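Below, read A as the first sequence line, B as the second, and so on, with proteins coming before strands; counting in each chain starts at 1. These numbers come from a predicted model, not from an experiment.
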Number of protein chains: 2
Amino acid sequence: MGTVGKAIFLLEQFSTEQPEYGLSDLAQKVSFDKATTRRLLVSLAEHGMVEQDAETRRYRLGPGVSRLARIREWHFPLQKMCAPFVRDLARETGETVHLSEYSAGTLLTVQVELSARANRVNVDVGQPLPLHGTASGIAFLTCARPEITKACFEGRMEAFTRFTHTSRDALEKAVNAARARGYSRGDQGFEEGVASVAAPILNTDGIAIGTLAVASPMSRIDAETTERYGRLTMQAAEAIACQLNGGAA
Amino acid sequence: MGTVGKAIFLLEQFSTEQPEYGLSDLAQKVSFDKATTRRLLVSLAEHGMVEQDAETRRYRLGPGVSRLARIREWHFPLQKMCAPFVRDLARETGETVHLSEYSAGTLLTVQVELSARANRVNVDVGQPLPLHGTASGIAFLTCARPEITKACFEGRMEAFTRFTHTSRDALEKAVNAARARGYSRGDQGFEEGVASVAAPILNTDGIAIGTLAVASPMSRIDAETTERYGRLTMQAAEAIACQLNGGAA
DNA sequence: GTCACGCGGTTCGCTATTTGAACACCGATT
DNA sequence: AATCGGTGTTCAAATAGCGAACCGCGTGAC
């Protein structure tokens, strides 16, 4: 791994559950030398990508990352643009809706609108979703760049539940079915008792950049509602794509 | 400059005005070798910090930066938290209000609420504000970490207008006056015809992390309104700090 | 058509940067 | 005061980065 790879790897250790690290913690977690870790952190800190608490000496993400993100959101306002669609879909279905964006091998949850019901599916912002094991992932694979699909098919497929597709064959079948249908179904592939539908959000070239998904407890779901949610999700994803790309159209 | 420094420097070239670069453009802009630039970009792309348009082959900021920013905002929701205060202050004053956060030597504009008046001051999100030349900067310096103040006093002070403080003496006087007053005044130090007041936002240690500022056209401002806006800004900044740090309190 | 230019991308020997074990430090805790 | 858990620093060894020169491709001039 190159030096910048390591530096970014450090940044990626920070999460909502673990937003701060001491030097040694972090060095151990990524198994770099303490000295190395420190030099990287100092470099990052010089540019505001991390900051060190003056008192506790612990490190956390700095203002620099927010700055970069604002620049990106400025000319590619995925989140802002999708917010109303996500809300509407959540209202129409009464279920948890989440929006994900593809990044470096997985789908990252960007936005979540939780169901108002007591029995609901919880998804966290920032949570990565495996391509092979979720409705979102399968929807994404229906229109992903060939390299990505290939890498996914050829990689190891972890089994999250006893329903997870773990063979290339099974996955390919699921993807093809989803492609034909226009939306994907995920039956407890990632978490037992959860059924989802998802549709890809396409860019101008017809390549998926992310997905929109509805996740419900199995108990509330039958073939008919699945179909209904699937259609709604698909329509919302298309509307998003339309606004993202065309503007008007 | 170390390798990670260079990598981040690349990221910092992207801005709202110039959100995309070709390889050669970028290499020339930062004056690195093309090969170097490319290697860095590839490393960054592997982690989603930049992405390359499949068609035009140009590079832009990737989803990775948004992800990191979301993690940061999650446990340090500066922007979300400040939004209502910024709006209220804008409503009370009828002028443009902007919130900045300190990062790597300057204040970065995080949020702007523009005045509804036709004749108003415009500030862009992401715009960096020099410490020595703006009301925000001076407010920040009243409670900055000593190293920062020192570096600023000893560094070169660019003159943006004929009113900019360019000597250590003048700046120090302005900072001291602001500290005594509780808020800073900036009279056309950055842009002619613009008068601002600003107050620092402090962390638990009493160190400034950012500023809140009101910017008005000179024509609408007199000593009395300046004083009024100053007080309002100060109060809002204190309220923000209180909520950021204490929670309740 | 073809020539030359500009562009993205790649190669490979040289060298400077990074590396990490060992060490120094500082503040709590016993 | 001695031990522990942590941050931060040093320096010879080695690894990773560097960049001039290179390829291949598309484009526009002539």
Legend entry - Ring centre gap for A:Tyr59 and A:Tyr21 strictly below 6.0 Å: no
Legend entry - Separation of D:dG19 P from B:Phe32 CZ (nearest whole Å): 9 Å
Legend entry - Footprint string (nucleotides 2-15 of chain D, 5' to 3'): B base within contact, S backbone only, - free, heavy atoms under 4.0 Å: ----SBBBB-----
Legend entry - For chain B, the stretch of DNA chain C it reaches, first to last nucleotide, under 4.0 Å of its heavy atoms: C:dC7 to C:dT18
Inset, instruction - May I ask you to decide if the ring planes of A:Phe32 and A:Phe9 are parallel, tilted or perpendicular, using 30° and 60° as cut-offs? - result: tilted
Legend entry - N/O donor-acceptor pair under 3.5 Å between B:Glu73 side chain and B:His75 backbone: no
Inset, instruction - For D:dA16, take OP1 and OP2 only and decide whether either is under 4.0 Å from a side-chain N or O of B:Thr3. - result: no
Inset, instruction - Using the ring of B:Tyr183 (Phe, Tyr or Trp, six-membered ring only), decide whether B:Arg181 places NZ or CZ under 6.0 Å from its centre and within 45 degrees of its axis. - result: yes
Inset, instruction - Using five base pairs at each end, measure the axis-to-axis angle across the helix from C:dG1-D:dC30 to C:dT30-D:dA1 and round it to 10 degrees. - result: 30°
Inset, instruction - Check whether any side-chain N or O of B:Arg179 sits under 3.5 Å from a backbone N or O of B:Thr142 as a donor-acceptor pair, and report yes or no. - result: yes
Legend entry - Min side-chain heavy-atom separation A:Ile207-A:Leu202 under 4.5 Å: no
Inset, instruction - Could you check how far CZ of A:Arg39 sits from C1' of D:dA16, rounded to whole Å? - result: 12 Å
Legend entry - Sidechain-backbone polar pair: A:Gln127 side chain, A:Asp124 backbone, donor-acceptor under 3.5 Å: yes
Legend entry - Minimum heavy-atom distance between B:Leu107 and B:Ser100, given as atom pair plus value: CB-CB, 4.0 Å
Inset, instruction - Look only at the side chain of A:Thr233 and the backbone of A:Ala198, and say whether a donor-acceptor pair between them is shorter than 3.5 Å. - result: no
Legend entry - Distance flag, aromatic centroids of B:Phe160 and B:His132, threshold under 6.0 Å: yes
